[in-house]
Each structure stands twice: as structure tokens, then as C-alpha cells.
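Presented below is the structure to which this report refers.
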Amino acid sequence: MKKTDLHIFKSPEELANQFANLMMSWVENRSGNAFHLAISGGKTPDLLFSVLASKYADSTLWQKIHFWWVDERMVPPTHPESNFGVAQKLLFSHITIPEANIHRIKGENIPETEALSYSAQIQKNIPQKNEWPVFDLILLGMGDDGHTASIFPDQMHLLESKNFCEVATQSQSGQKRVTLTGEAINNALRICFLVTGSNKAERLSEIRNNPEKAKLLPAAQIKPANGLLEWYIDELAAQLIK
Ligand SMILES: O=C1O[C@H](COP(=O)(O)O)[C@@H](O)[C@H](O)[C@H]1O
């Protein structure tokens, strides 16, 4: 992680507010009529969804944004752990967005079948470079074990898969996930990690200051082929960074 790629905010609320403004300005300034945004699961995006829903409820930019998911838990959309379900509740139900702009991973389907079907959706809709999709923006989180997307430390091979998507298994619970692979993520134009909370501090300091430990962390392997990589973190997550 280079110093210049790191943006530290006083609180998760300040981060969500500032990031929402930045993101919408990137959408506005991007030429063309589609902006392909892939969002992550977990708790961290909740605040961003709420800020977007309240500050940008009436924005016309929702016509341009196509939502994709970095990963999904293989549960129905009504399940509390559904990443789509959370975005639906906190964001989509508050804005006007064409249904065709929402490209969810269908958690209710058989994981292997859905990984293929979601890959086909990506292939059909997203411009490619070097035979990999080029998302305009990918938002990533990081677990306190250093996983990102649903690429866990015991499944590092998913970083090098030649497929756009793969089935992953949550290491502790055994829950099946469908996730974008490392190469599909690394081909994006811009990748932003959003990370908050003291439970992420140790992993962040390893990524920044300890190359040997960082080798074992999926989040540290995210290195865009041509695009930008930025970290947006709060002070609690930043506390051990030297
Ligand atoms: O399991 C997951 O965890 C990470 C981090 O989640 P958070 O709750 O700490 O924000 C998330 O980025 C990933 O997409 C998700 O599926």
C-alpha cells in the first residue's frame, strides 16, 4: 500500500459521506451512458448505501449506474445475509433505478450453475480488455482475517483462477459463496477498499508494513493490472499503521 493511496477519515460516517460524493462525481464525469460498479457484501457498505439513499435519492445518475456484486452468499434474497437483500433494503428501495441496471448474483441458485450464469452476464454486458471484464469501479471490503470478496486465506488459488467467477466456501461456517476472482477484480479501472473498525487494524498494518505476513492475505494481493487502487479507512482501522 503506497502512502498516497491511503485516505484516513475520523469516523465511518465521515468516510461514507465523503466517499458517496466522490463516487457520484466519478459516475458523472465518466463518458458514455453506463458505469459498471461492483459492490461488496458485509457490513461496511451499509452506511454508504444509507448516505446514497438520503443524499442522492433524486439523482438521475442512477440511470447510468449498473450494479454488480463482488460476491454473494448463496442464500435467497430475503435472507438477512443476502448481500443483494441488504442493498435492496438500504438503497434500491429508496431510489429510482431501472431493473435492468441491477445484475445480482442469484443466491437462491445452485452455486456452480450461478457462477457460470453470472460470468455469462458479465461477458455479455461489460466491456473487456485482454479478455477480462473492465469494471469502472469495484468496492472491496476486508475481513479481519484479511479476506476480500469471498477469497479467503485458505483459498488463495481463487486469486489466479482463469474464470471471471468461482464458488468459494466461507472458511468457518462452510457457507457457499459466488465471488469474482482476483484477475477479474484486478482488471478494473479503479478499485477502492472501504475498511473501518479496530478489528481490521492489525491486518492493515501487515499489508502496509510487513511484506512476509501480507503474502498470506488475499486483500494484499489486489493489484490492478492498469487501474487505480485506493484505500479509504477510518482512524480506528488506521491506528497501527506506521
Ligand atoms: O464476508 C465478507 O466480508 C468482507 C468484510 O465484511 P465487513 O462486514 O467486515 O464489512 C466483505 O468485504 C465481503 O464482500 C463479504 O462477503
Side-chain angles (χ1 to χ4, degrees), residues 1 9 11-13 15-16 19-20 23 37-52 67-77 79-91 103-107 111 114-115 118 135 137-156 158-159 164-182 184-186 188 190-207 217-222 229-239:
M1 202 193 303
F9 297 85
S11 64
E13 288 75 17
L15 190 161
F19 190 82
M23 189 183 95
L37 165 67
I39 56 177
S40 278
K43 291 260 162 273
T44 311
D46 290 7
L47 268 175
L48 176 65
F49 295 153
S50 300
V51 170
L52 288 168
F67 280 90
W68 299 83
W69 274 262
V70 167
D71 65 333
E72 181 59 282
R73 292 101 192 253
M74 297 315 281
V75 295
H79 192 286
E81 284 188 27
S82 164
N83 293 336
F84 165 77
V86 171
Q88 167 69 25
K89 184 171 152 211
L90 297 180
L91 179 59
H103 308 268
R104 74 179 178 97
I105 300 173
K106 298 193 176 74
E114 186 55 24
Y118 188 60
F135 287 93
L137 173 62
I138 295 186
L139 304 186
L140 293 176
M142 181 180 74
D144 52 16
D145 58 355
H147 84 267
T148 192
S150 282
I151 306 178
F152 295 91
D154 61 350
Q155 291 153 68
M156 297 292 267
L158 298 181
L159 290 162
F164 296 172
C165 303
E166 290 281 4
V167 176
T169 308
Q170 208 279 346
S171 311
Q172 271 96 49
S173 66
Q175 181 186 59
K176 292 292 176 196
R177 310 272 184 95
V178 165
T179 185
L180 291 182
T181 57
I185 294 171
N186 278 327
R190 181 176 222 139
I191 301 171
C192 297
F193 274 92
L194 308 186
V195 179
T196 60
S198 57
N199 60 324
K200 313 285 172 74
E202 228 172 288
R203 296 293 89 75
L204 276 171
S205 91
E206 289 172 357
I207 292 172
L217 306 176
Q221 313 316 315
I222 298 302
L229 175 63
E230 296 170 312
W231 289 75
Y232 293 81
I233 70 179
D234 73 345
E235 283 184 352
L236 285 177
Q239 63 189 295

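All ligand and atom numbering here is 1-based and tracks the order in the structure. For the single chain, residues carry numbers from 1 onward in sequence order.
- For V70, the closest heavy-atom approach to ligand 1 does not fall below 4.0 Å.
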*asked:* I'd like to know whether E166 forms a side-chain hydrogen bond (donor to acceptor under 3.5 Å, both in side chains) with Q155, so could you lay out the CA-CA distance, the side-chain angles of the two residues, the decisive distance to 0.1 Å, and finally the verdict.
replied: CA-CA 11 Å; E166 290 281 4; Q155 291 153 68; over 6 Å; no
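- No part of Q170 comes within 4.0 Å of ligand 1, judged by heavy-atom distances.
- The ligand atoms of ligand 1 that sit less than 4.0 angstrom from a heavy atom of T44 are 7 (P), 9 (O), 10 (O).
- Remark: ligand 1 atoms within the under-4.0 Å shell around heavy atoms of G141 are 12 (O).
- A donor-acceptor contact shorter than 3.5 Å links the side chain of E72 to the backbone of F84.
- Side-chain atoms of R203 come within 3.5 Å of backbone atoms of D144 as a donor-acceptor pair (strictly under, hydrogens ignored).
- Using cut-offs of 30° and 60° for the angle between ring planes, the F9 and Y232 rings count as parallel.
- Close approach of ligand 1 to R73 is summarised as follows: ligand atoms under 4.0 Å from at least one heavy atom of the residue are 1 (O), 2 (C), 15 (C), 16 (O).
- Side-chain contact between N186 and I222 is present, with heavy atoms from C-beta onward closer than 4.5 Å.
- One N or O on the side chain of N83 and one on the backbone of D71 form a donor-acceptor pair closer than 3.5 Å.
- Close contacts between ligand 1 and A149 involve ligand atoms 13 (C), 14 (O) [criterion: under 4.0 Å to a heavy atom].
- Residue K200 approaches ligand 1 through these ligand atoms, each under 4.0 Å from one of its heavy atoms: 7 (P), 9 (O).
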